[in-house]
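Report on one structure; see the data block that follows.
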Amino acid sequence: MGRKNVALIVHDGVQALDVAGPLDVFAEANARIPAVDGYDCYLIAAEAGPLRASNGMMMMAHVTFAQACRPFHTVLVAGGPALPNAPEDEAMSSWLRQWGVRGTRYGSICTGAFALGHAGLLDGRIATTHWQNAGQLAAMFPASHIELDRIYIRDGALVTSAGVTAGIDLALALVSEDFGAELALACAKRLVVVAQRQGGQSQFSPLLQPRTDPETPIGRVQAYVLEHLAEPLSVERLAEIAGTSPRSIARIFIRELSITPHDYVESVRLDQARNLLEGTDRAMKAVAFDCGFTTPEQMRAAFQRRLGITPVRYRESFQKKPQPSAR
């Protein structure tokens, strides 16, 4: 099978977990397979010398772009909090176009997708990034198709992941692809993570935008919905509260919130259900009723459709455990 050389592109302000997470996965894989196989990992940067990660940690690249003029089996660009709004790094873009695409696969972790976009490597491709930055990525690179709710995506040779720890998910998927699911599972167990996460990244993000001015028609609707979730909330009822027609209220929601009234109501109900599942031990039937779902099955369908996970699994993953009292 042979060794696989992996290039991880780093830069000032890089997210340390975007680097350390995948490297630890590849290191765990190396510990479990013959020395003639496995991964040789290299950090590559524009210049030699120490780099400061976004958390203040210092790291050093193995080689510079000028020294890494050869194909790599896998090339991944690590993200960083400042990367979405940073100007294009011409040296990085040039290296990615010339050498980054010559191997078996290339891609990004978290906001590293913005570097791929600047290099023109997202055009006509399906990709993802951190949920907070997905809309911006789609707007900046309209020739791409950005999926907002995926933990990681493979589109041909292109592999991209969601935010931060999703780089571990991506690396585990690559290990599974290269050496099989059994090895990936062993690595996941050693790192105390799941080999394949349930659901998409929406389960980690708020579904709703901030509320608007309560004196406006849409603000009155938002306030009413939040206080009367258990009531039937048809478009006709929302229009009545806003003092407008059903057609007009639908247009207002689309224009101001980019969401239909029906989807807004469901999002509020899901957010409230998430809060109750995280913070209480109330039965599923009671949570569904309090949040305006007709039945627990209706709530379950909404969770599956919008978050890709069941309410039971959501509670298991996110419920806040009581802290022991100090003595």
Side-chain angles (χ1 to χ4, degrees), residues 1-11 14-51 53 59-79 91-92 94-110 112-113 115-116 119 121 127 151-161 165-196:
M1 194 173 290
R3 305 285 294 183
K4 294 173 172 50
N5 52 2
V6 176
L8 195 55
I9 311 304
V10 295
H11 45 85
V14 70
Q15 187 98 36
L17 272 175
D18 285 7
V19 181
L23 287 182
D24 276 344
V25 171
F26 295 133
E28 290 297 333
N30 283 346
R32 289 165 172 77
I33 53 181
V36 295
D37 297 323
Y39 301 96
D40 295 314
C41 299
Y42 301 88
L43 301 186
I44 304 179
E47 298 177 358
L51 298 168
M59 62 180 69
M60 184 84 71
H62 296 98
V63 292
T64 65
F65 291 136
Q67 296 167 330
C69 297
R70 60 188 177 92
F72 288 79
H73 178 275
T74 300
V75 173
L76 298 171
V77 183
M92 187 185 300
S94 177
W95 189 90
L96 286 170
R97 284 191 294 265
Q98 183 174 3
W99 297 106
V101 297
R102 293 196 183 189
T104 299
R105 59 200 176 204
Y106 63 94
S108 60
I109 301 153
C110 193
L116 297 181
L121 302 183
I151 298 295
Y152 61 85
I153 291 175
R154 176 146 194 175
D155 180 14
L158 175 67
V159 292
T160 53
S161 83
T165 58
I168 296 174
D169 297 79
L170 175 60
L172 287 168
L174 298 182
V175 169
S176 179
E177 180 181 302
D178 294 336
F179 298 103
E182 185 175 349
L183 177 61
L185 179 58
C187 294
K189 287 181 176 179
R190 169 64 182 166
L191 295 171
V192 199
V193 297
V194 294
Q196 186 169 358

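Along the sequence shown, residues carry numbers from 1.
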Which atom of A127 lies closest to which atom of T160, heavy atoms considered: CA-OG1, 3.4 Å
Go through D169 and V193 one step at a time and tell me if the side-chain contact (heavy atoms from CB on, under 4.5 Å) criterion holds. CA-CA 9 Å; D169 297 79; V193 297; over 6 Å; no
Got a second to check how far L43's CG is from L23's CG, nearest 0.5 Å? 5.5 Å
Cation over ring, R70 on F72, under 6.0 Å and within 45°? yes
Return the NZ to SG distance between K4 and C41, rounded to the nearest 0.5 Å. 12.0 Å
For M59 versus A53, what's the shortest heavy-atom pair and its separation? CE-CB, 4.2 Å
Given D18, which of S161, S108, C110 fulfils the side chain to side chain contact (heavy atoms under 4.5 Å, CB included) condition? C110
Closest contact, heavy atoms only, V63 versus A68: CG2-CB, 3.9 Å
With a 3.5 Å distance limit and no angle check, can you tell me whether H11 reaches the backbone of A78 through a side-chain donor-acceptor pair? yes
Correct closest heavy-atom pair for P22 and I109 would be CG-CD1, 3.5 Å
Considering only heavy atoms from C-beta outward, does the side chain of Q67 approach that of H62 to under 4.5 Å? no
Step through the shown structure and confirm whether more than 12 heavy atoms of other residues, nucleotides or ligands are within 6.0 Å of CD on E177. yes
Can you give me the closest heavy-atom contact between L158 and G107, atom names plus distance? CD1-CA, 4.0 Å
Determine whether H73 and D40 satisfy the following criterion, side-chain contact (heavy atoms from CB on, under 4.5 Å), listing intermediate values before the conclusion. CA-CA 10 Å; H73 178 275; D40 295 314; over 6 Å; no
Run the side-chain contact (heavy atoms from CB on, under 4.5 Å) test on L51 and V14 for me, step by step, so that the C-alpha distance in whole Å, both residues' side-chain angles and the decisive distance to 0.1 Å come before the verdict. CA-CA 8 Å; L51 298 168; V14 70; 5.8 Å; no
Is any side-chain heavy atom of F65 closer than 4.5 Å to one of I9? yes
Any chance CD of E47 has more than 12 other-residue heavy atoms, nucleotides or ligands included, within less than 6.0 Å? no
Close side-chain approach of L116 and L96, heavy atoms under 4.5 Å: yes
Is the shortest side-chain heavy-atom distance between L174 and V6 below 4.5 Å? no
Quick one: are I33 and F179 in side-chain contact, heavy atoms under 4.5 Å? yes
When you look at CZ of R105, are more than 12 heavy atoms from neighbouring residues, nucleotides or ligands closer to it than 6.0 Å? yes
D178 side chain reached by D37 side chain, heavy atoms, under 4.5 Å: no
Rounded to the nearest 0.5 Å, what's the gap from CD1 on I151 to CG on L172? Could you check? 12.5 Å
Sub-4.5 Å side-chain heavy-atom contact between L8 and T74: no
Below 4.5 Å, heavy atoms only, C-beta onward: do L191 and E28 meet side chain to side chain? yes
Show the numbers, then the answer: is there a side-chain contact (heavy atoms from CB on, under 4.5 Å) between V10 and V19? CA-CA 8 Å; V10 295; V19 181; 3.8 Å; yes
Without hydrogens or angle criteria, can the side chains of N5 and Y39 be said to hold a donor-acceptor pair below 3.5 Å? no
Could you pull out the closest heavy-atom pair between I168 and V25, with the gap in Å? CG2-CG2, 3.8 Å
